[in-house]
Amino acid sequence: MTGVRKVGVVGAGTMGQSICEMLAANGLDVYMAEQGEDRLAHAMSMIEQSLDKQMERWALTSAEKKLILGRIQPKSSLNELQACELVIETITEDLDSKLAIFKELDAVCLPDVILASNTSTLSLTELASVTSNPDRVIGMHFVYPVHKTNLVEIVRGLKTSDAVFERTKQFVETTIHKKGVMVFESPGFVTTRLICLFINEALHVLEEGVASAEDIDSAMRIGYAFQHGPFEMADRFGLDAVLAALDRMFRDYGELKYRPSFILKKMVRGGQLGVKSGRGFFEYDKEGGRV
Amino acid sequence: MIILVMNAGSSSLKYQLYNMEEESVLAQGRVERIGMDASIVVHEPTGKPEVNEVSEILDHNTAVRRLIELLTNKEHGVLMSMKEIDAVGHRVVHGGESFKQSTLVTEDVKKEIRRLFDLAPLHNPPAMMGITAVENNLPNVPQIVVFDTAFHQSMPQESFLYPIPMVLYRRHKIRRYGFHGTSHDYVSKQAAETLGRPLETLKLVTCHIGNGASCAAIMNGRSFDTSMGLTPLEGLMMGTRSGDLDPAIVPFTMNKEELTLNEVNSMLNKHSGLQAISGIGSDMREIVEAMDAGDKQAKLAFDMYTYRLRKYIGAYAAGMNGLDAVVFTAGVGENSVAVRKAVCENLSFLGIELDAQRNEVRSKQPRFITTDESRVKALVVPTNEELLIARDAYQIVKAESAEITE
C-alpha cells in the first residue's frame, strides 16, 4: 500500500491522538475525526503538548513540529474522510458505538479503502459483519505511546482477505516503519492477553505478601530487562483499562487465571487509576513522572 | 554535448542543464515538496524569464517528467526535444568502498547503490528514485553517478580506520568515508590553477564550510584525510551538528536523560553546533551579527567554531608534514569575512599572513586572501559541484562512445 498518503483516524482520545501524531510524523496527511469542535481542539492541543515534550528531549526541531501539526486536519464529520486511502477507528471500546462507525465508514469510503480498528478486545468479525464487504476490515492494534512503540498487531477477522492483510502489513512496515505481527482474532490477541496475565499474577504475589510492589517491580525490571515492572506498567496503562481487559477475557475464555485480582477491583472502585489520576500503585506528577 | 545534472533529495529535486562545449548553464531549477498537494517548481532558463508554479507532484517520476516538459517547452524551454539530452549525471551521497570514482549506471551499479542504503538510509534512496525516474522518462540516455565519498577513497588505512575492534570494520564496514568529496576535489583543482602550481606537488587543506562542514587534507592531488567519518556528524562544529566529541558522552547522556537512540541522534544532528551554543540559530550570518551587537553566547559559538576549524587545519598540516595553502569554500567559507579572519589571523605561526583588504573582497572568482609574501597561502574558491558532476558525466560518455566507434 505504497500509495497511501491520506489516513483517516476516527476518535481523538489518548490513543487517537497518539496515532495521529505518529502518522503525521511519518509524513502522511491525517484527517482526525471526532464529535464536537471542543474535543477536536482539545485533541490538537494535546498533540501539540506531546510534540513540545519531544522537542524538550531533542527528538524534534520547531520546524519539524510545525510540519507535523500542519499535516493533521481536524474533521467533525465522517463524510469528510472520503478522500482517505485508509481509515483507522480508535474510539472507546464499546461494541455498539463501533458497529455504528463501521456501518457509516462502509457507506462513505470507496470500496478498496481498508477499514481498520484499533480494538484490543472486540471481535473484528463482528465489526465487519455490518459492512457490505467484510474482507476489507482488519485490526491494527497499536501499543501506547504509539510514536515510541514500534509494534502493530495486525489482526485478521474471519473474512479479512489475504490482499487486505498484505497491504496493511506493507503499510505498517514500509510507510510507518513498525514491526507488524499477524494475529488471528482471539480475545486480547497476543499483547493484551500476555501482559494482563503478567500484571494479574504480580497482583496475586502482592496479595500473598510475598514481596512489596516496589520490590516486585525491581525484580522484573532489572532481572528481565523490562522498561517498567508490572505495577508501574499497570499504572501507565490505567488500572481501569487493565481491569476491563481482564474482565472481558475472563468472560470470553471462562478460565480462572483471567479473574481480576481483588486489589485491582478495589483500587479502580476507589478511583486510584494510575498515572492519569496521579496515584495507582505509585505516585505520579502531572507529566507522568514517578514522584 | 548536453548534460543534465540532478540532485535528488527525499522530497526535492534540483537540476542544471549544461552545454559542455563551453561549460555554460542552459537552465537550472528545482522541484520542492514532492509528494504533497502543493509542490513548488522553479525553472530558470538562461536569458528567459523565470517560471514558478505550484502543482501536485506526487513522486520523482512526475517531477522528472515535468522538468523535461519545461526544458522542451516552446516558451520557457531551451531544447527543441528531449532527444538533445546526451547524458544525465546524478549526485549520490554514499558510494561506500565500492565506488572510487564516478561511473556509468548499469544493473550491477544500481544493485550496489541499493546495497549501500544501509550506510546512508536518508540519502541514497532518493538518488535511486531519481535514477529510476530518468530511466522511465529518458530511456536509453546514459546515466552517470557521482559519489560524495568517492574522492576520499584514496585515504590510507591509518586515516580511514577507527581504533576499535577490526571485526566491526570487517562485518559492518565501519570506517571513515568522508563527504563533500566532489567539492573538495573541485576546489583543490581550482586552487592549484590559481596558485599556478601542479596539484601533484601541493599540500592543501580544503575547508568546505556551509550548512554541513568538513575539512580535507589533500596531498599530491589525493585525499589524505577528511574530518567527516562514517556519517556527516564527525569533525567540525556545524550549524546544528556537534562534530567531534567524547564518544562516552553518548551513553552517559542517554542514561542520565533517559534518551532513546532516535532522541540522542536528533540531539547531536539537529540541536547542537552553533544553534546549541548561541541559542540564536544555525546561520553564521546571524551569529556574526549578534556577536557584533555584543551577544556573549553568539561570540562563544563563533569562537568555538573557528577554534575547532583551526585545530583541524593544524592537525592536517602536521599530518601531511607541511602545508602550501588553505582553501575556503561553500556558504560560510565563501562569504564569511569574519570566520576567515579569525581562522587565518591565528595561524600566523604556520606562515599564513592574512591581507585584510583582500579578505573583504566579494567575488565569484577564485582569489587569494593572503599577502604576496605569505609563505602559506589562503584562498577563497567558490565551489561548483554541479559542474564537476557534468564534467565527469561528459568524460565518461565521451570515453564510452569512443570505445563503441573503435
Side-chain angles (χ1 to χ4, degrees), chain A residues 1-7 21-31 50-73 83-85 145-151 173-178 221-222 225-228 232 236 287-290, chain B residues 9-12 32-40 56-62 114 117-118 121-122 125-126 128-129 132 211 233 238-242 245 249-250 253-277 279-283:
Chain A
M1 198 156 48
T2 42
V4 172
R5 289 204 169 77
K6 292 189 180 77
V7 183
E21 178 190 326
M22 176 278 298
L23 293 170
N26 276 294
L28 296 158
D29 287 326
V30 182
Y31 289 15
S50 163
L51 294 172
D52 282 340
K53 228 172 170 180
Q54 290 180 61
M55 260 170 70
E56 275 167 35
R57 298 173 64 74
W58 307 291
L60 293 176
T61 63
S62 55
E64 287 168 334
K65 175 192 149 184
K66 246 189 228 164
L67 265 175
I68 293 172
L69 274 180
R71 293 196 192 106
I72 304 176
Q73 303 184 35
C84 294
E85 291 121 352
V146 179
H147 71 272
K148 265 194 181 166
T149 315
N150 288 325
L151 178 85
E173 301 201 327
T174 62
T175 309
I176 59 175
H177 312 288
K178 295 189 187 295
R221 198 184 68 239
I222 300 165
F226 280 94
Q227 197 190 351
H228 304 296
E232 185 168 344
R236 293 189 180 280
E287 270 78 55
R290 278 278 291 273
Chain B
S10 58
S11 65
S12 69
E32 284 165 8
R33 295 165 53 92
I34 295 174
M36 290 174 230
D37 294 341
S39 312
I40 299 164
E56 186 183 66
I57 293 183
L58 291 179
D59 55 15
H60 286 69
N61 199 25
T62 320
R114 278 203 199 93
F117 280 6
D118 200 26
L122 295 179
M128 200 61 223
M129 290 194 271
T132 314
N211 237 342
L233 182 56
M238 305 172 217
T240 62
R241 284 177 237 166
S242 65
L245 43 79
I249 290 172
V250 176
T253 312
M254 287 178 78
N255 186 36
K256 287 280 177 198
E257 296 273 330
E258 291 183 34
L259 298 183
T260 61
L261 275 178
N262 272 342
E263 286 164 349
V264 78
N265 252 324
S266 163
M267 189 263 283
L268 294 170
N269 278 293
K270 298 176 188 167
H271 297 260
S272 297
L274 286 173
Q275 165 137 326
I277 303 300
I280 294 171
S282 58
D283 191 323

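Every value quoted in this text rests on a predicted model; they were computed, and no experiment measured them. For the numbers below, each heavy atom of this structure counts, side chains included, while hydrogens, waters and symmetry mates do not. By convention in this document, chain letters (A, B, ...) are assigned in the order of the sequence lines, proteins followed by strands, and residues within each chain are numbered from 1.
By number of non-hydrogen pairs under 4.5 angstrom with chain A, the leading residue of B:Thr260, B:Leu268, B:Leu58 is B:Leu58. Contact tally against chain A (heavy-atom pairs below 4.5 Å) for B:His271, B:Glu263, B:Gln275: the top residue is B:His271.
B:Asp59 has its side chain out of reach of B:Met129: every pair of non-hydrogen atoms, C-beta onward, lies at least 4.5 Å apart. Annotation: side chain of A:Asn26 is not in contact with side chain of A:Thr175 (no heavy-atom distance under 4.5 Å). You'll find the side chain of A:Leu51 reaches within 4.5 Å of the side chain of A:Glu21, heavy atoms only.
Heavy-atom distances place no part of A:Gln54 under 4.5 Å from chain B, backbone and side chain included. The contact between B:Glu258 and chain A is made by backbone and side chain atoms together, counting heavy-atom distances below 4.5 Å.
Other residues, nucleotides and ligands contribute at most 12 non-hydrogen atoms within 6.0 Å of the CG atom of B:Asn211.
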